[in-house]
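What you are looking at is a predicted structure, and each value in this text was computed from that prediction instead of being measured.
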Protein chains: 2
Amino acid sequence: MEGKKTDLLQGTLDLLILKTLTPGALHGYGIAQRILLTSRETLDVQQGSLYPALHRLERKGLIDSEWKESGNGRLAKFYSLTRAGRKQLAGELDQWQRYARSINWVLDSQ
Amino acid sequence: MEGKKTDLLQGTLDLLILKTLTPGALHGYGIAQRILLTSRETLDVQQGSLYPALHRLERKGLIDSEWKESGNGRLAKFYSLTRAGRKQLAGELDQWQRYARSINWVLDSQ
DNA sequence: TCTACATACATCGTATGACTACATATGCAG
DNA sequence: CTGCATATGTAGTCATACGATGTATGTAGA
């Protein structure tokens, strides 16, 4: 009942997912692994956050999905960026940078 | 029904408020003005966000309030950091820096 | 005078979205 | 045959930023 903590700042998950998909298609599980890797083990995206986010992004037309084999003999749903997704990523990237800069201006003011 | 946009990332408002109170007590309206100023006109905290946040912070014991005269002959509620608030600020500052660093690691990975 | 604006506080309802917990299934190693 | 990593998903909960709205006052200007 106390100390409900959000690991990720709301709004940044989409950005991370879109960015992670730029080199090529990945399945959900792989996306989480890759974010964990590139964030040097600091950002552990939970499955209860990840899959809803993927469905959301797909509904918005920012990513596409396709069932394919996953290297080991298993099926997995591979997501890839659409043109709209690439555009959205550019926008969110810019927004994040400007937002972080703004915050830092406030934090650096004495 | 579409394009609901959050101006501030959830979780950063408290940090901004606490930071803005470090030089001394301010009333709500003044806090918003000061954030707007120090963010170089980029972060405009809405009143519907600000006052609930102040009440929340006070409930948590991170800030104190006191009705005082506001320079012009008007009464205003002045908020100031408590010891717990100062400690919280240090923690949130650290958290923000580490979080921003993590995001950037992901964004800088090709 | 009266009008507008900046100052100043506050609440309600809504939407978003990240989380925990849980449910399901498979391939492989021991 | 047991456990683990892989893999997808949903239900319910919670925090919180927002727009809209309401109140009130001091001051400047027409």
Given C/dC19, D/dA17, D/dT6, the nucleotide with the shortest approach to the side chain of A/Q33: D/dT6

B/K77 NZ to C/dT7 C1', straight-line distance once rounded to whole Å: 16 Å

Donor-acceptor contact below 3.5 Å, side chain B/T38 vs main chain A/S109: no

Separation between CD of B/E92 and NZ of B/K87, rounded to the nearest 0.5 Å: 13.5 Å

Nearest-angstrom distance from the residue atom CZ of B/R34 to P of C/dT7: 15 Å

Length of the line joining B/Q10:CD and C/dT14:P, which is rounded to integer Å: 18 Å

From B/Q95 atom CD to B/R98 atom CZ, the distance as rounded to the nearest 0.5 Å: 7.0 Å

Among D/dA17, D/dT10, C/dC19, the one nearest A/H55 by side-chain distance: D/dT10

Could you run down the sub-3.5 Å N/O contacts of the protein with nucleotides 20-26 of chain D?
residue	atom	partner	partner atom	Å
D/dT25	O2	B/R74	NH1	2.3

Aromatic plane relationship, B/Y29 with B/H27 - under 30° parallel, 30 to 60° tilted, over 60° perpendicular: parallel

Near-strand residues of residues 14-32 of chain B, defined as heavy-atom separation under 4.0 angstrom from DNA chain D: none

Distance (rounded to the nearest 0.5 Å) between B/L89 CG and B/L15 CG: 6.5 Å

Whole angstrom value for the distance that separates C1' of C/dG27 from CD of A/E69: 12 Å

Atom pair NZ (B/K19) and OG1 (B/T22), whose distance is rounded to the nearest 0.5 Å: 4.5 Å

Distance, rounded to the nearest Å, where B/L54 contributes CG and D/dT16 contributes P: 13 Å

Gap between atom CH2 of B/W96 and atom CG of B/L16 - 0.5 Å precision: 8.5 Å

Earlier contact from the 5' end, DNA chain C, for B/S49 and A/S49: B/S49

Length of the CG-P vector between A/D7 and D/dT16, whole Å: 14 Å

N/O (side chain, A/Q46) to phosphate O (OP1/OP2, C/dT20) under 4.0 Å: yes

Distance in Å, B/S102 OG paired with A/D44 CG, rounded so as to fall on 0.5 Å steps: 11.5 Å

Euclidean distance, atom CG of residue A/L43 to atom C1' of C/dC19 [Å, nearest integer]: 15 Å

Whichever of A/L9 and B/G71 has its nearest DNA chain C nucleotide further upstream toward 5': B/G71

Spacing of B/L75 atom CG relative to C/dT7 atom C1', expressed in whole Å: 13 Å

Exercise: do B/T12 and A/Y99 side chains pair donor with acceptor under 3.5 Å: yes

